[in-house]
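Working notes, beginning with the structure itself.
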Amino acid sequence: MGEIEDGEADHITTDVQGQKCALVYECTAPESVSGKDNLSFLNAVLKNPVCKLYRFPTSDNKWMQIREQMSESILSFHIPKELISLHIKEDLCRNQEIKELGELSPHWDNLRKNVLTHCDQMVNMYQDILTELNKETGSSFKSSSSKGDKTLEFVPVNLHLQRMHVHSPHLKDALYDVITVGAPAAHFQGFKNGGLRKLLHRFETERRNTGYQFIYYSPENTAKAKEVLSNINQLQPLIATHADLLLNSASQHSPDSLKNSLKMLSEKTELFVHAFKDQLVRSALLALYTARPGGILKKPPSPKGSPEQGPPQDQPSPVQGQDSIPHHSDYDEEEWDRVWANVGKSLNCVIAMVDKLIERDGGSEGSSGDKDGEKDLSLADSTASHPREDWYEQLHPLILTLKDCMGEVVSRAKQSLTFVLLQELAYSLPQCLMLTLRRDIVFSQALAGLVCGFTIKLHTSLHDPDFLQQLHTVGLMVQFEGLLSTYSDEIGMLEDMAVGISDLKKVAFKIIEAKSNDVLPVVTGRREHYVVEVKLPARMFESLPFQVKEGQLLRVYPVLFNVGINEQQTLAERFGDVSLQESINQENFELLKEYYTVFMEKLPPDYISHFQEQNDLKGLLENLHQNIQAKKRKNVEIMWLAATICRKLNGIRFTCCKSAKDRTSMSVTLEQCSILRDEHQLHKDFFIRALDCMRSRPSQGALTESDDPETGCLTDNKPTSRHFYPVALLLVSSHLLVVWLILSLALLLAKYQ
């Protein structure tokens with residue numbers, strides 16, 4: 001990556017003790033990229049790059065060259081639009097399934113109508129937001145002044161790539177990337193009642209303890225119902241397709257093709273049958289039965305009732321005499337078992353018939369099907385009594401029977417599990433839907449940053465075989481550095497951010513070959529499970545490992561460590577509560593330790609030994625744990641240790657504060673200079689000078705309105721972030737701090753009196 005100095009540039013020279021400490025060039029040209037494919041791939045993510053070039057002395061009095069680049073990301077708007085479209089599609093499908101529940105008793109029918117009214121309003125809201133986002137044509141990022149804009153709620157604040165490329169005289173060139181973004185939070189909705197972490201806990205507690213006549217299903221069961229419904233919608237068309245392929249192979253009288261088609265049909269049908277083994281489906285069928293006209297909802301005499309009248313083991317216990325799983329004396333529980341088992345029996349008949357056809361044809365001696373097919377040979381024998389008949393004619397009635405049995409299972413299971421989702425929505429309609437909206441907003445902001453970071457990391461490490469092996473074997477660690485205080489509104493922001501980052505565990509990546517010039521990522525899936533398809537040009541795609549090219553899902557492991565560093569955190573530590581920050585850091589340390597354990601177990605010994613020779617990861621983890629347990633005020637050592645571990649594990653680094661401006665820029669520049677000192681032998685006498693140089697303004701003077709993306713419109717060839725600009729000191733003056741403390745004490749005293 002060579003330096004480009006032929007564009008417009010401003011040359012700044014700083015003298016220290018009679019010698020030059022840095023040469024700074026400002027330019028708008030991005031780093032050079034080798035290859036047309038790489039350029040198109042990178043341009044799909046980055047836009048409007050701004051660069052600075054530095055020279056700093058090393059400890060042996062030589063010069064290192066640093067190229068600092070900051071770029072906006074097109075994904076700031078692209079990913080939210082993809083996600084909103086997905087939500088609209090999912091919600092419309094759910095609403096249709098609720099309408100198709102069939103006839104319900106008056107109580108449940110009124111609830112259904114009320115739920116559909118509110119859900120339709122929510123879908124209309126999402127459609128309006130998507131329409132407004134499609135009209136956005138200006139900047140490719142959302143400025144902090146637009147945090148409270150309703151139409152931009154789903155867009156992250158100030159999403160940028162901050163890249164430092166170091167060229168040392170003795171060491172190998174190195175690249176350090178940090179994604180900077182405002183903390184994912186629902187600013188428009190506000191934080192008067194707290195953030196998602198508190199709101200979700202309160203909502204679930206109230207729903208569990210309510211005395212109103214709803215059937216309580218835990219969040220785990222509700223998520224399971226959504227998962228089974230998704231599996232049904234995916235597997236049913238696949239099974240129908242493979243069944244048609246089997247008939248096509250039979251019509252062609254091709255034994256090999258017949259065996260392959262049967263194998264695929266068997267695998268998908270077994271997955272289909274396995275999806276209904278959960279006890280939740282059985283209990284949901286019973287609940288729906290009691291909700292039909294004439295159904296009777298019986299309450300057990302006490303939570304310690306007989307096993308016949310109590311809930312299944314995987315369901316929550318009855319609360320205050322309320323039956324969490326209804327029962328009906330006339331309900332035939334074995335009927336579902338018979339309907340469900342008919343799918344397996346039908347498949348066994350198909351397998352037995354294929355075995356006989358191939359054996360009679362003198363092809364294969366065995367069948368790739370299930371051995372249990374021998375139990376159902378009688379039906380297959382009756383159909384195969386005429387050996388000269390066409391294979392298609394003999395298999396066709398069996399395939400029709402299989403499809404009919406599947407249709408019956410799908411119809412019953414869909415209705416019962418949709419009834420489970422109705423319970424969640426019916427409990428507290430406005431609150432439930434608003435929580436869903438808030439969670440979608442926060443997740444959208446977090447996902448946009450994650451996809452940007454993953455794409456950049458993939459581009460940077462595409463030719464690193466160790467990274468690619470780690471990617472498909474273990475997955476990728478994603479570390480968020482939070483700088484929010486635990487005071488006032490920022491408590492709610494931190495609660496939102498913690499949930500949004502935790503929800504990123506539901507995301508998997510899949511790398512596919514780009515078939516056109518459109519290489520923008522595509523988001524698929526549903527709220528409980530998302531797949532982001534990252535497109536690569538053909539030549540880049542061919543360099544990937546076989547497992548990745550075959551479509552293996554690549555997992556991410558997000559962790560968040562937060563340390564408040566501003567003056568509001570000083571107030572929180574002296575007069576407030578920092579338990580939220582402490583609990584978040586402790587929880588995420590456990591997640592980081594789990595990733596490290598998997599990393600050590602799954603990767604080969606030679607890879608581990610190579611890591612251990614260079615990095616004492618275990619020691620860094622122990623040091624991080626000690627600092628988290630120490631509960632020291634403004635312990636920035638936590639941030640430095642977490643960032644170091646992330647870089648050692650080939651992870652993706654994020655730095656976040658309220659708006660990704662002042663605190664973020666201070667943290668990023670400090671981290672960059674620390675890396676230069678610790679990894680590239682920056683002269684110890686020039687650390688502060690290098691830091692000041694990275695934080696300095698251009699020499700032309702104050703910025704105009706058009707120069708600052710936060711206050712005015714953007715123009716070409718201008719910086720688009722404040723990461724390069726000086727920021728106010730994090731601590732206010734002593735006099736102002738004293739006045740602030742006195743006023744805060746007066747307010748606290750008035751509040752508690």
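Judged by the 6.0 Å distance and 45° axis criteria, Arg647 is positioned over the aromatic ring of Trp640.
A salt bridge is defined here as a Lys NZ or Arg NE, NH1 or NH2 lying under 4.0 Å from an Asp or Glu carboxylate O, and Glu513 with Lys535 fails to meet this definition. Ion pair Lys414/Glu100 not flagged as a salt bridge, since none of the NZ, NE, NH1 or NH2 atoms sits closer than 4.0 Å to an Asp/Glu carboxylate oxygen. The pair Glu97-Arg94 does not count as a salt bridge, with every side-chain nitrogen at least 4.0 angstrom from each carboxylate oxygen. Using a 4.0 Å cut-off between charged side-chain N and carboxylate O, Lys226 and Glu90 make no salt bridge. A salt bridge between Arg527 and Asp91 is present, with a side-chain N of the basic residue lying under 4.0 Å from a carboxylate O of the acidic one. Glu587 and Arg197 are joined by a salt bridge, as a carboxylate oxygen and a charged side-chain nitrogen come within less than 4.0 angstrom of each other.
Counted by atom type alone, Ser144 and Lys661 present one or more donor-acceptor pairs between their side chains at under 3.5 Å. Glu481 and Ser667 share a side-chain donor-acceptor pair at under 3.5 Å. With hydrogens and angles left out, the side-chain atoms of Arg163 and Ser71 include no donor and acceptor closer than 3.5 Å. In this structure, a donor-acceptor pair under 3.5 Å is present between the side chains of Asn95 and Asp120. Under 3.5 Å, the side chains of Ser659 and Lys147 contain a donor-acceptor pair of N or O atoms. Between the side chains of Thr151 and Asp149, a donor-acceptor pair is found at a separation under 3.5 Å.
Contact record, Leu199 with Leu435: CB-CD2, 3.6 Å, taken as the closest heavy-atom pair.
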(Q) Using salt bridge (Lys or Arg N to Asp or Glu O under 4.0 Å), reason through Glu72 and Lys142 one step at a time and then give a plain yes or no. (A) CA-CA 10 Å; Glu72 304 167 14; Lys142 183 175 83 172; over 6 Å; no

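Put simply, the side chain of Ser461 never gets that close to the backbone of Leu458: no donor and acceptor are under 3.5 Å apart. Remark: the backbone N or O of Gly195 is paired with a side-chain donor or acceptor of Glu495 at under 3.5 angstrom. In terms of modelled atom types and a separation under 3.5 Å, the side chain of Asn221 and the main chain of Tyr217 share no donor-acceptor contact. Within the 3.5 Å criterion, the main-chain N or O of Phe419 finds a donor-acceptor partner in the side chain of Gln423. A donor-acceptor pair under 3.5 Å links the side-chain atoms of Gln445 to the main chain of Ala185, judged by distance alone. A distance-only check finds no donor-acceptor pair linking the side chain of His242 to the backbone of Lys268 [under 3.5 Å]. In this structure, the side chain of Gln415 does not engage the main chain of Val410 through any donor-acceptor pair within 3.5 Å.
Using a 4.5 Å heavy-atom threshold, the side chains of Phe541 and Leu544 count as touching. By the 4.5 Å heavy-atom criterion applied to side chains, Asp177 and Gln162 are not counted as neighbours.
For Lys150, the NZ atom is densely surrounded, since the number of other residues' heavy atoms within 6.0 Å is greater than 12. Other residues, nucleotides and ligands contribute only 12 or fewer heavy atoms inside 6.0 Å of the NZ atom of Lys510. Counting non-hydrogen atoms of neighbouring residues, nucleotides and ligands closer than 6.0 angstrom, the NZ atom of Lys658 reaches no more than 12 such neighbours.
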